[in-house]
Protein chains: 2
Amino acid sequence: MTVVGRTNRGAENGRASQQDMRRQNLAVVLGAVRAHSPLSRADVAGRVGLTRAAVSSLVDELIERGALNEAPATASGRVGRPGRALTISDRGPAGLGLEIGATHLGACVADLRGEPRLWRRVERDNAGRPAGQVLAEAAALAAEVEAEAAALGLCVQGRVLAVPGVVPNEPGGLVERAPNLGWHGIRLAHHWPDQNTVPEPENEANLGALAEYWSAELPAQTIVHVSAETGIGAALIIEGRLFRGARGFAGELGHIPVQPDGPRCACGARGCLEQYAGEAAVLRAAGLAGDALGQHGDAVALLAERAGAGHAPTLRALDGAGRALGLALASAVELIDPDCLVLGGAYAELADWLLPSVRAELAARVTVRPWASEALRPSALGRRGPLLGAALTTVRRIMADPTLLPTG
Amino acid sequence: MTVVGRTNRGAENGRASQQDMRRQNLAVVLGAVRAHSPLSRADVAGRVGLTRAAVSSLVDELIERGALNEAPATASGRVGRPGRALTISDRGPAGLGLEIGATHLGACVADLRGEPRLWRRVERDNAGRPAGQVLAEAAALAAEVEAEAAALGLCVQGRVLAVPGVVPNEPGGLVERAPNLGWHGIRLAHHWPDQNTVPEPENEANLGALAEYWSAELPAQTIVHVSAETGIGAALIIEGRLFRGARGFAGELGHIPVQPDGPRCACGARGCLEQYAGEAAVLRAAGLAGDALGQHGDAVALLAERAGAGHAPTLRALDGAGRALGLALASAVELIDPDCLVLGGAYAELADWLLPSVRAELAARVTVRPWASEALRPSALGRRGPLLGAALTTVRRIMADPTLLPTG
DNA sequence: ACTAATTTGTTGAGAGCCATTACAAACCAT
DNA sequence: ATGGTTTGTAATGGCTCTCAACAAATTAGT
């Protein structure tokens with residue numbers, strides 16, 4: 001059964017209890033070990049400001065819950081009794097990430113350290129098929145992967161499903177719509193065979209951005225993570241938290257006006273970024289809209305191939321898209337002042353040809369503040385981001401509240 | 001002496017102590033009384049989920065610290081022993097707000113309920129004069145107002161100074177620059193006569209936005225608060241907190257590109273919003289750049305006067321500025337998806353003539369999400385916002401951590 | 001008017017959690 | 001081997017909440 005979900009324990013009205021204090025201190029200790037492992041109890045105490053006695057009690061509980069491992073005492077070379085090295089457990093609690101794309105299913109299990117331990121991707125044509133059928137296959141894949149994880153000593157504590165669509169920010173497992181899959185108002189629980197393992201859906205772009213944020217060495221606290229699949233969207237990480245906007249529509253980069261009197265967009269407005277940097281627009285500008293695409297299938301791969309081969313119209317098209325994207329991102333930088341901009345999704349695969357013009361446009365537009373060209377970079381995770389983010393969601397929840405773990 | 005400042009007690013590394021728990025519960029009780037006053041101890045207990053015993057203890061401490069008042073028992077008509085009505089104290093702790101503008105000084109004392117109890121505005125030409133002189137006069141005004149407050153039984157616990165300039169987000173009392181005042185790198189403590197009453201500086205636009213947020217009946221959690229003084233800026237309230245950006249440059253609305261190949265801006269880019277909706281641009285478009293302004297002095301008042309008189313060029317100029325502003329705000333809405341947009345500062349005074357075109361532009365551009373025209377509104381506080389926000393800053397800090405108050 | 005019922009606020013005992021202090025265990029240096 | 005140092009644990013105490021009991025103050029009913 002899924003233990004780790006969007007529970008909101010204790011926070012009903014803001015009052016603090018001793019359990020909350022305990023919870024937070026468990027998280028602080030676990031976080032200290034994660035950041036500086038290996039650490040002894042005394043090290044942790046010195047670092048976080050609790051006493052050795054308190055840390056001992058907290059560590060005992062974390063070991064009991066399977067979150068920490070304790071190595072036997074090991075000679076340190078320094079005088080005094082050596083400490084026993086604590087490390088985040090690479091067995092025990094884990095997070096399962098699932099992914100449903102138009103052409104594939106994915107699954108990933110990450111241990112508490114945040115390491116992906118199992119990774120599975122199978123090609124499937126999910127676009128036209130009934131949601132129930134796709135979800136049944138996803139569930140089968142999940143069960144398979146969980147069994148493999150069990151063989152590694154990993155016990156999945158939470159399941160998150162990355163979908164290319166709109167997921168409201170409430171519990172309930174609803175996927176409002178996923179155009180690429182042809183889904184409308186799908187409730188996962190209604191189609192999932194085993195009610196004990198129903199995953200929680202989340203938008204794949206958001207998960208990609210979170211993965212990028214969680215995986216960074218020096219985590220920037222405020223990130224604009226651009227990705228283009230159906231439309232052009234930006235996931236916003238604001239001061240370390242995913243920001244969805246008041247109505248859940250934040251980051252609609254695709255409909256930022258780039259040219260006030262430009263061509264009419266499907267949304268009704270004029271000159272939206274999508275008319276310049278959207279997949280259809282780029283294909284058209286590159287002269288690849290017709291037969292070439294039909295033969296090839298994957299538009300992004302086709303563009304990358306032609307650009308790599310030096311196909312001039314494609315290069316011009318990508319340059320133009322980059323300039324438009326740079327213009328829209330300039331607005332984002334002026335408004336949000338992020339630590340960095342990340343190009344994810346399809347843009348990551350086309351980064352070689354997009355980066356120069358995007359950076360040039362940004363350099364020309366962003367002048368009233370310090371702005372380093374390298375603050376714009378392609379995603380380090382590429383298309384693996386969403387699935388990794390899905391698996392890490394559970395891991396981060398556990399790290400933030402270790403009492404979610406069953407005591408073993 | 002200033003008791004309430006940017007102290008960061010206990011939060012050094014995230015560990016929770018019993019004091020933190022107490023602090024939070026004091027704040028929760030105080031907040032419940034503020035939101036639903038009058039309330040009895042039993043009411044509070046029922047509402048926040050603490051026991052009557054715990055609430056009693058917390059209330060006793062809040063009374064001791066002067067934050068709550070207790071009325072004698074009063075017949076309620078219901079069966080049972082009547083409760084004693086608790087209310088936020090309108091005597092005792094208070095916040096002082098100060099304001100330095102190019103042509104005036106302001107001071108305001110707000111009690112813990114958030115009510116402004118004293119309000120003072122004196123005209124002064126501060127633009128050319130040495131900072132020390134201006135600050136000495138501000139300090140004198142502050143002392144005067146604090147004395148009056150004392151006569152009302154109010155004891156100022158913190159002082160915040162609204163300045164039209166750049167204030168870094170660190171303690172230290174530094175005003176990096178304030179072009180309208182001719183200030184550069186002014187440290188308040190160096191010029192303030194009494195070291196016990198040095199205020200903490202904050203950007204006036206930020207304070208205006210916070211005042212708007214704090215004063216709203218149904219507080220929207222995410223607000224874009226536009227104001228124009230020297231440049232055009234937006235203060236962003238994201239999920240209830242002022243967001244300054246990674247480097248403190250968030251909300252630079254003035255340099256959002258409105259027309260990619262528009263006229264060159266002082267910032268080096270082309271077609272920035274300021275070239276269309278900035279004060280200088282609007283005056284020029286209205287044909288008021290020269291003598292008329294010289295005679296009048298206050299550009300905003302002049303524009304309002306001419307527009308009110310039906311002066312066609314002025315009306316056209318404001319209409320054009322509104323369209324440009326609407327275009328830039330459409331980008332902000334697409335990116336941030338705020339609950340509402342507020343026109344403050346000079347825009348608030350010109351709202352009658354700006355609103356129609358801004359709203360029209362927004363309606364035409366913001367189409368992929370629900371967007372109500374009334375979500376854009378002029379500031380309810382107008383130019384009183386910054387000073388009120390300065391006074392309320394201390395009040396809100398006390399509400400969030402009543403242990404900042406001296407006991408006794 | 002008097003009693004019963006009800007609600008409020010307080011009091012005392014108890015539980016949970018951390019701080020403090022003391023101490024045994026395990027290591028290095030001499 | 002002995003002393004010094006550091007680690008981890010155990011015992012005690014303090015703080016803050018919960019729980020249960022009770023006195024106080026009111027309404028409802030007779």
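Naming convention: chains lettered A, B, ... in sequence-line order (proteins, then strands); numbering from 1 in each chain. The structure displayed is predicted, hence computed values, not measured ones.
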### Message
Any heavy-atom pair between the side chains of A:Met21 and B:Asp20 that's under 4.5 Å?
### Response
no
### Message
Is the phosphate of C:dG9 approached by B:Ser56 (side-chain N or O, under 4.0 Å from OP1 or OP2)?
### Response
no
### Query
Over how many whole Å does the gap from B:Asp20 atom CG to D:dT16 atom P extend?
11 Å
### Task
Before accepting this row, confirm whether a basic side-chain N of the pair A:Glu202/A:Arg244 lies closer than 4.0 Å to the acidic partner's carboxylate O.
yes
### Query
Taking only side-chain nitrogens and oxygens of A:Ser40, does any of them come within less than 4.0 Å of OP1 or OP2 of D:dT6?
no
### Of B:Ala53 and A:Gln19, the one whose closest DNA chain C nucleotide lies more 5'
B:Ala53
### Task
Name the residue closer to the 5' end of DNA chain D, choosing between A:Asp60 and A:Ser17 according to the nucleotide with the nearest heavy atom.
A:Asp60
### Message
Whether B:Asn25 contacts D:dC17 is assessed here as follows: a side-chain N or O lying under 4.0 Å from the phosphate OP1 or OP2. Is that the case?
### Response
yes
### Query
So what does B:Arg52 hit on the nucleic acid, given a heavy-atom distance under 4.0 Å: a base, only sugar-phosphate, or nothing?
base
### Task
Please tell me if the side chains of B:Glu146 and B:Val109 come closer than 4.5 Å, counting only heavy atoms from C-beta onward.
no
### Query
Among D:dC17, D:dG8, C:dT10, which is the nearest nucleotide to the side chain of B:Leu50?
D:dC17
#### Entry: Atom-pair distance (CD on B:Gln24; P on C:dC17), nearest Å
16 Å
### Side-chain heavy atoms of A:Leu210 within contact of A:Leu242, under 4.5 Å
yes
### Task
For residues B:His36 and B:Val44, determine if any side-chain heavy atom of one lies less than 4.5 Å from a side-chain heavy atom of the other.
no
#### Entry: 5′-ward residue of the pair B:Leu58/A:Arg41 relative to DNA chain D
A:Arg41
### Task
Could you state the atom-to-atom distance from CD of A:Glu70 to C1' of D:dT9 in whole Å?
12 Å
### Message
I want to check something: taking the side chain as every heavy atom from C-beta on, are A:Leu86 and A:Asp43 in contact at a cut-off of under 4.5 Å?
### Response
no
### Task
Tell whether B:Gln18 reaches the base of C:dG16 with its side chain through a donor-acceptor pair below 3.5 angstrom.
yes
Pairs under 3.5 angstrom, nitrogen or oxygen only, protein versus nucleotides 1-3 of chain C, please.
none

### Query
If each of A:Met21 and A:Arg81 is mapped to the nucleotide of DNA chain C with the nearest heavy atom, which maps nearer the 5' terminus, i.e. the 5' end?
A:Met21
### Query
Which nucleotide sits closest to the side chain of B:Arg15: C:dA19, D:dA25, C:dC27?
C:dA19
### Message
Checking the side chain of B:Asn206 only, and the main-chain atoms of B:Ala235 only, is there a donor and an acceptor separated by less than 3.5 Å?
### Response
no
### Task
State whether B:Arg78 places a side-chain N or O below 4.0 Å from either non-bridging phosphate oxygen (OP1 or OP2) of D:dT26.
no
#### Entry: Separation of C:dA19 P from A:Arg22 CZ (nearest whole Å)
11 Å
### Task
For C:dC18, take OP1 and OP2 only and decide whether either is under 4.0 Å from a side-chain N or O of A:Thr51.
no
